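Written below as structure tokens is the structure these notes are about.
A note on names: the letters A, B, ... follow the listed sequences, proteins ahead of strands, and every chain is numbered from 1. Quick caveat: nothing in here was measured; it's all calculated off a predicted structure.
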Amino acid sequence: MISAANSEPRFQPDGVINAYVEGWELVLVLSDASMPSGIRLRRIPAEHSCLVKISEVPELLRSMLRESTAVRGLREEGEWLRIRWRDSFDCRKYCKLLVEKSITTYDGFLDPILRFMADNQAKVAARRLCYFDLESDSRVPFSRLHDARILSWALVCSDGSEIVEVLSDDTEAAERELLRSLWNRLDKHDQVAAWNGDKFDFPLLKARSEHHAISMPWKRWLWLDHLELFRKMNAHAAESGAEKQSFSLGAIAKAVLGESKGDVDGSKTWQTWAAGGAERERLADYNLRDAQLMKKLEDKTGYVALLGSIAEVCGSFPDSRGMMASVQVENLLQRLAVQRGFRFETPIAAHKVKGAEDSYRGAYVMEPAERGIVKNVHVADFSSLYPTIIRTWNMSPETKTRRSRSEREIDSSVRHGSKPWPFDGECISPITGVVFKMQPQGMLSGAVAEMMRLRKESNDRKARSVPGTAEWQEAARKSDAYKIAANSCYGAIGMTTFRHHDVEVAESVSQAAVWLIRQTIEAADKRGLHAIYCDTDSVFVSGCTREEFADFVAWCNAELYPRLLRLLGCEPGLINLAYEKAFERIVFVQKKRYCGRYSHYKGTAATSESKPEVKGLEYKRGDSIRLARQLQEEAVDLLVGQEHGGNEDPEIFKRLLERWRERVLVQPLELADVVVVKGLNKPINSYAKRIKKDGMEARQLPHIEVAKILTERGREITEGSRIGYVIIDGSTNPQTVIPAEDWSGKVDRSAAWESLVAPPTIRVLEAAFPAIDWKPFEIVRTKEQKSKARKAARANQESAPVLFESGQYSRSKEKNDAEAD
DNA sequence: AACTTTGGCCTCTGCT
DNA sequence: AGCAGAGGCCAA
């Protein structure tokens with residue numbers, strides 16, 4: 001097949017709403033006001049190509065390429081020859097073949113969508129968003145989701161208009177009509193957000209539409225799972241563990257908007273529909289309300305808009321797939337490379353499998369150096385440390401030259417004030433010894449630099465705009481998007497499956513941080529300051545005044561870092577330490593676990609309103625039980641709270657523990673007090689099954705066992721589901737637990753206190769008052785009682801080998817159990 | 001599509 | 001009692 005250069009005109013649209021591959025074609029979704037649906041689908045050949053340097057291709061090979069049926073076209077682009085292969089298989093096959101002939105190929109195996117977007121520097125266009133929710137036949141178990149008839153759907157548009165439609169009859173024809181009407185409406189939208197859509201609404205809609213042979217270009221829409229988006233974006237925003245226990249739309253709406261959800265039982269939608277009349281209306285209202293809640297949630301959080309901005313910044317699409325950092329960064333790098341005329345070598349190596357081989361060293365975390373209640377602790381941290389490191393060393397896979405010098409050699413040189421790596425135009429990363437060229441700018445480093453530059457532009461624009469206006473909001477969102485894109489670059493480069501993965505680069509980033517922090521700590525010690533804790537990019541220092549600490553930070557920036565960085569061959573200026581805050585008192589429980597009372601934050605003095613800073617403690621964890629969180633919250637408040645804190649008399653805390661022990665062991669408890677909630681991070685069947693010595697399968701962890709029970713009951717249990725359970729007998733081995741939905745008042749109060757409620761607070765108190773023995777407060781049952789209980793449990797098991805209790809408990813039994821405790 | 005990273009603490013299970 | 005492995009969630 002012969003194809004002249006540039007025989008196919010390149011198409012450069014203003015903006016692309018979405019793009020997808022269909023067979024041989026790449027379909028572009030473009031805005032077009034003249035069409036009834038407001039869009040136009042433009043089909044062009046999907047490009048599976050690679051590039052080679054013309055100088056490396058002998059004329060003979062070139063004519064062979066021209067004749068080959070595997071080649072759809074050849075095009076000269078400056079010093080490059082672009083070879084368009086028939087399909088992705090040919091591209092893969094011949095790239096490998098060319099490599100064997102010592103001809104390097106570039107940009108091979110690229111997804112045609114990504115290729116198009118980057119090659120044309122195509123803008124990501126504005127899309128028409130709607131919020132979508134389905135109700136389906138609740139009688140059909142989740143495992144047979146595809147057979148569940150759709151009872152109603154609701155659509156809320158970003159302009160506030162809304163519509164809900166309900167199945168008229170329990171017939172195929174009626175459902176077909178319902179779906180037809182839905183697709184008619186969806187035609188006016190490009191981006192569809194649904195809560196848990198990836199696991200429920202989208203597959204169900206697809207399956208039911210296929211069932212009715214309704215054909216639609218499914219991939220033309222941007223399907224977006226609003227729940228997953230919220231989970232991702234909100235991961236760092238949640239304050240207490242209480243907010244992390246459920247990701248149901250109702251729970252999130254309540255936490256974020258303070259609104260409660262409708263009153264239809266999700267497991268009774270069929271009955272509600274079948275009752276007809278007002279009940280059916282109620283189902284419609286309930287359905288619509290969920291879609292409305294999503295819009296309200298977005299109006300409050302702006303996460304969908306932020307994803308849109310990220311897409312615009314990276315050249316990815318704002319759907320569920322586009323939430324992935326790897327997709328965002330790959331698009332960003334490719335786009336930048338095209339801008340700069342750079343071509344990445346085709347990653348020929350077989351697809352890498354995630355393994356221990358490619359793991360690398362990460363951040364430095366210091367063991368807290370002081371116990372007890374520590375007073376006047378100052379904290380400084382590096383601003384955007386990893387991005388600034390990438391830029392300072394010009395780190396990128398292609399700027400990396402060689403590995404030289406050991407950690408010890410580098411340190412020894414630096415200590416003597418001499419350069420560990422003497423060549424001009426190159427810099428060396430400490431610890432890893434990897435050398436990078438300073439010119440030209442690397443793609444990774446360039447991407448980070450560009451994102452930070454554009455972020456500054458956005459921030460400037462924001463500063464010039466009137467707060468709260470659309471322009472101001474847009475600028476703020478763009479700023480966030482650039483920050484996220486810049487920060488994702490490090491994570492992506494460390495991913496073994498990432499196209500541009502480079503473990504040496506990733507490790508050089510984290511280890512440069514380790515080295516800088518260690519140098520900082522050493523310098524602090526020399527000045528008589530005492531570094532007592534450090535994690536990744538921050539140092540906690542005690543034993544100095546505010547002024548002394550500010551002086552130290554200023555000296556680091558003005559003298560220490562410039563000197564060190566120049567010795568390593570880097571241009572200083574970006575690495576910057578900032579005095580962030582000070583604690584009037586702080587208690588370190590462990591690494592990554594502490595609580596403290598601010599004296600100031602960025603210079604602003606704390607007030608009685610200021611909440612204590614709590615890191616890593618059970619109070620912040622969604623998998624601790626509420627009793628544990630509440631007790632710990634009280635203890636932390638008495639210890640480091642602005643209003644009630646500052647207590648240094650252990651007796652106060654002893655009384656607290658006694659009061660709570662009484663509450664846990666004797667007083668009435670409700671389910672929310674004692675339920676343990678854990679997420680399911682894998683499909684239920686992929687959890688490790690261990691075989692015991694006796695040949696039997698070992699019991700899996702409680703939340704997994706409970707998830708299996710719930711699955712058998714036909715409950716909707718998937719990856720990401722949250723599983724609640726209650727320990728009703730902790731003396732058996734293994735523990736006896738029941739699904740939260742079976743709870744009727746029974747709970748092992750002693751076990752709850754001894755293993756879940758008391759320890760988290762006791763650890764805090766042991767840290768604050770190391771001289772006191774807090775263990776006695778934890779123990780409820782004596783050793784004799786425990787062994788007696790164990791024996792009884794064993795005997796019980798032998799006579800009736802029921803490992804798991806489930807189902808409802810009779811009233812009388814529950815009463816007995818409660819009293820027996 | 002199913003895939004940001006490593007460091008770290010903690011609970012549960014089964015074993016010695 | 002202490003260990004190791006599995007697993008979850010959090011800090012950065």
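Residue A/M495 contributes atom CE, which lies 8 Å from atom P of B/dC3 at whole-angstrom precision. Look at NZ on A/K620: it is 17 Å from C1' on C/dG8, rounded to the nearest Å. Between the P atom of C/dG7 and the CD atom of A/E705 lies a distance of 12 Å, rounded to the nearest Å. The separation between A/H500 atom NE2 and B/dT5 atom P is 16 Å, rounded to whole Å. Atom pair A/K615:NZ and B/dG7:C1' shows a separation of 16 Å (rounding to whole Å applied). One atom, CG of A/D623, and another, C1' of B/dG8, lie 14 Å apart when rounded to the nearest Å. With rounding to whole Å, A/Y533 atom OH is found 14 Å from B/dG7 atom P. A/H703 has its NE2 atom 19 Å from the P atom of B/dC10, to the nearest Å.
Between A/N487 and B/dT4, a side-chain N or O to OP1/OP2 separation shorter than 4.0 Å is absent. The side chain of A/K232 contributes an N or O atom lying less than 4.0 Å from OP1 or OP2 of B/dT4. Close to B/dT6, at under 4.0 Å from its OP1 or OP2, lies no side-chain N or O of A/S510. Under 4.0 angstrom from either OP1 or OP2 of C/dG8 there lies no side-chain N or O belonging to A/K244. Within the structure, a side-chain polar atom (N or O) of A/R722 is placed less than 4.0 Å from OP1 or OP2 of C/dC9. In this model, the phosphate group of C/dG7 is not approached by any side-chain N or O of A/N681 to a distance below 4.0 Å at OP1 or OP2. OP1 or OP2 of C/dG8 has at least one side-chain nitrogen or oxygen of A/Y687 nearer than 4.0 Å.
In terms of the side chain to side chain contact (heavy atoms under 4.5 Å, CB included) criterion, residue partners of A/M495 (sequence neighbours excluded) are, by chain and number, A/S326, A/T497, A/F498.
Within the 4.5 Å cutoff, side-chain heavy atoms of A/E239 are placed close to those of A/Y619. Side-chain contact between A/P217 and A/V27: absent, with no pair of heavy atoms (C-beta onward) separated by less than 4.5 Å.
Between A/K708 and A/E705, at least one side-chain nitrogen of the basic residue sits less than 4.0 Å from a carboxylate oxygen of the acidic one, meeting the salt-bridge criterion. In summary, A/E228 and A/K199 engage in a salt bridge, as defined by a charged side-chain N under 4.0 Å from a carboxylate O. The pair A/R621-A/D623 meets the salt-bridge criterion, since a charged nitrogen lies less than 4.0 angstrom from a carboxylate oxygen. Between A/E633 and A/R626, none of the side-chain N atoms (NZ, or NE/NH1/NH2) sits under 4.0 Å from a carboxylate O, so this pair counts as no salt bridge.
Residues from residues 590-598 of chain A placing a heavy atom under 4.0 Å of any atom in DNA chain B, listed by number, are A/Q590, A/K591, A/K592, A/R593.
Ring geometry, A/F344 versus A/H500: the interplanar angle falls from 30° to 60°, so the pair is classed tilted.
At a cut-off of 3.5 angstrom, counting only N and O atoms as typed in the model, there is no donor on one side facing an acceptor on the other between the side-chain of A/D381 and the base of C/dA12. At a cut-off of 3.5 angstrom, counting only N and O atoms as typed in the model, there is no donor on one side facing an acceptor on the other between the side-chain of A/R621 and the base of C/dC10.
A distance of about 29 Å separates the P atoms of C/dC10 and B/dA1, rounded to the whole Å. Atom C1' of B/dA2 sits at a distance of 25 Å from the matching atom of C/dA12, rounded to the whole Å.
Between A/S320 and A/D198, the side chains place a donor N or O and an acceptor N or O closer than 3.5 Å (distance only, hydrogens not considered). Defined by atom type and a distance below 3.5 Å, a donor-acceptor pair is missing between the side-chain atoms of A/E243 and A/N234.
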With sugar-phosphate taken as primed atoms, P, OP1 and OP2 and all else as base, the protein-contact string of nucleotides 11-16 of chain B at under 4.0 Å (heavy atoms; B, S, -) is SBSSSS

Starting from the C-alpha separation in whole Å, work towards a yes-or-no answer on side-chain contact (heavy atoms from CB on, under 4.5 Å) for A/L307 and A/K232. CA-CA 11 Å; A/L307 180 68; A/K232 252 191 160 126; over 6 Å; no

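Among the heavy atoms of the strands lying under 4.0 Å from A/G362 are primed sugar atoms or P, OP1, OP2 only; no base atom is included. At the heavy-atom level, A/G622 lies under 4.0 Å from the strands shown only through sugar-phosphate atoms.
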